[in-house]
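Scroll down for the structure; my scribbles are underneath it.
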Amino acid sequence: MPNAKISGIGFFVPPKVMTNEDLSQFMDTNDEWIQERTGIQERRYVENGVSTSDLAIPAVEMAMDNAGLEKGDIGLIIFATSTPDYYAPGSGCLLQEKMKFPTIGALDIRVQCSGFVYGLSVAQQYIENSIFKHVLVIGSEVQSTAMDLSTRGRDTAVIFGDGAGAVVVSASKDDSGILSTHLHSDGAYAKELWVEAPSSGISPRLNQEILDDGKHFLKMNGREVFRHAVTRFPEVIIESLDSNGFSSEDIDLLVPHQANIRIAQMIQKRLGLRDNQIYSNIHKYGNTTAASVPIALCEAVNENKVKKGDLVVLAAFGSGFTWASAILRW
Ligand code: COA
């Protein structure tokens, strides 16, 4: 049985920088509040007209170049996003056409911040079962257009940003690659972090009342999200370690979903990790939902913080609630 190994990685963030100071022009907030509570200094926003599948293209090109592959080599596109271009069709199909991939399958994954790790787990199954030799896994998000950039939405709006990351998962005969993946969900908390409308349960799906009430914006119960995140992250990381006979001391690098620096600090404390065992770039990009893990992993690789043979753990928690981990031998 082949191993499923990350053979190429890439990311892209839009050039427009939105600092905390910039946000304070639209809403009653300030740099000190945002940095103290989230660790975020700035995030990136797309220009009007740039959608989620557009943002993914440079990330995919970089990952394919890094893997040394052509479009015809890819067997399947897995596209994780919580901010798809349209309600239908999925962003994976749009990317297939925009990048002129052959007419391969394009599967969208809608589990928000955990989407990329879920996507890796799907790719792993196709590779290990020798269905495909190379699978593309993408996390891409345009969150800026889902933000209420008024004081009403400030608790959520300051956290999220736009960006895309992509990997190629390939069949490998050596002993590196994904060792295991672990997926979870609990829909009892669906409304703690959600976009209420447009909804299939409302006719018409979008109306003036929805717009006036701001139900089309992402809404978050920050305290409840925080409370669950600091429990579920360590839990699912330990699950990945236990399943493979490791302990937290064995981790060379943990790349958590970049939700919030205070959540990352709690994870580090609970697992007893040294500073150099956990990666963070949230100060630059904010929380980019499904894109955050591949963006952070790519930057960690580019900064030589991941070396061949390292034990790398990826972990995510988000809306759903969903949470997941992947443990890899690099
Ligand atoms: N700027 C300034 N003040 C703000 C603000 C902002 N952007 N957002 C909220 N406030 C205010 C609140 O209105 C409140 O004011 P009040 O005391 O007068 O009522 C005060 O700050 C404290 O608000 P509160 O919500 O209690 O703050 P908090 O300490 O719980 O921090 C979060 C809020 C969102 C930073 C925090 O709950 C959190 O980190 N949650 C997890 C979020 C997350 O990681 N989400 C992504 C998961 S994938």
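Counting starts at 1 for both ligands and their atoms, in listed order.
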Identify, by atom number and element, the atoms of ligand 1 in contact range of [X], meaning under 4.0 Å from any of its heavy atoms.
| X | result |
| --- | --- |
| I263 | 44 (O) |
| F317 | 48 (S) |
| A259 | 44 (O) |
| C113 | 48 (S) |

Would you kindly say whether [X] and [Y] are connected by a side-chain donor-acceptor distance under 3.5 Å?
| X | Y | answer |
| --- | --- | --- |
| N3 | S176 | no |
| N30 | E21 | no |
| S82 | E141 | yes |
| N244 | R329 | no |
| N129 | Q125 | no |
| Y285 | E299 | yes |

Nearest protein heavy atom under 4.0 Å from [atom], yes or no:
| atom | answer |
| --- | --- |
| atom 25 (O) of ligand 1 | no |
| atom 28 (P) of ligand 1 | yes |
| atom 4 (C) of ligand 1 | yes |
| atom 16 (P) of ligand 1 | no |
| atom 48 (S) of ligand 1 | yes |

Heavy-atom nearest neighbour in the protein, as seen from [atom], with distance rounded to 0.1 Å:
| atom | value |
| --- | --- |
| atom 13 (O) of ligand 1 | R154 NH2, 2.9 Å |
| atom 36 (C) of ligand 1 | R262 NH2, 3.7 Å |
| atom 34 (C) of ligand 1 | M220 CE, 3.8 Å |
| atom 46 (C) of ligand 1 | N287 ND2, 3.4 Å |
| atom 39 (O) of ligand 1 | N260 ND2, 2.5 Å |

- Task: Determine whether L314 and L328 make a side-chain contact, defined as any pair of heavy atoms from C-beta on separated by less than 4.5 Å.
- Result: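 The answer is yes; the side chains approach within 4.5 Å.
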- Query: What ring pair (Phe, Tyr, Trp, His ring centres under 6.0 Å) pairs are there with at least one residue in residues 212-241, not counting sequence neighbours?
  - Reply: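 Only Y189-H228, H228-F321 qualify under ring pair (Phe, Tyr, Trp, His ring centres under 6.0 Å).
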So is there a nitrogen or oxygen of [X] less than 3.5 Å from a nitrogen or oxygen in ligand 1?
| X | answer |
| --- | --- |
| W33 | yes |
| R223 | yes |
| T29 | yes |
| G222 | yes |
| R37 | yes |

- Task: State the SG-CD distance between C93 and E97, to the nearest 0.5 angstrom.
- Result: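 Interatomic distance, C93 SG to E97 CD, rounded to 0.5 Å: 10.5 Å.
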What do you reckon, does [X] put a non-hydrogen atom under 4.0 Å from ligand 1?
| X | value |
| --- | --- |
| I34 | no |
| A229 | no |
| M27 | no |

- Backbone of E224 reached by a side-chain donor or acceptor of E192 within 3.5 Å: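 Checking the backbone N and O of E224 against the side chain of E192, no donor-acceptor pair under 3.5 Å is found.
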- Counting distance only, does the side-chain N/O of D162 pair as donor-acceptor with the main-chain N or O of Q143 below 3.5 Å?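 A pair under 3.5 Å: yes.
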- Message: In this structure, would F246 and V255 fall into the same cluster of hydrophobic residues linked by side-chain contacts under 4.5 Å?
- Response: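 Looking at the clustering, V255 is in a separate group from F246.
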- Shared hydrophobic cluster, I263 / I238 (ILVMFWY, side-chain heavy atoms < 4.5 Å):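 Cluster IDs for I263 and I238 match.
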- Query: For D22, what residues pass the side-chain contact (heavy atoms from CB on, under 4.5 Å) criterion, not counting sequence neighbours?
  - Reply: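 For D22, the residues satisfying side-chain contact (heavy atoms from CB on, under 4.5 Å) (neighbours in sequence not counted) are M18, T19.
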- Does V158 approach ligand 1 within less than 4.0 angstrom via side chain, backbone, both or neither, non-hydrogen atoms only?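 Near ligand 1, V158 shows its side chain, while the N, CA, C and O stay back.
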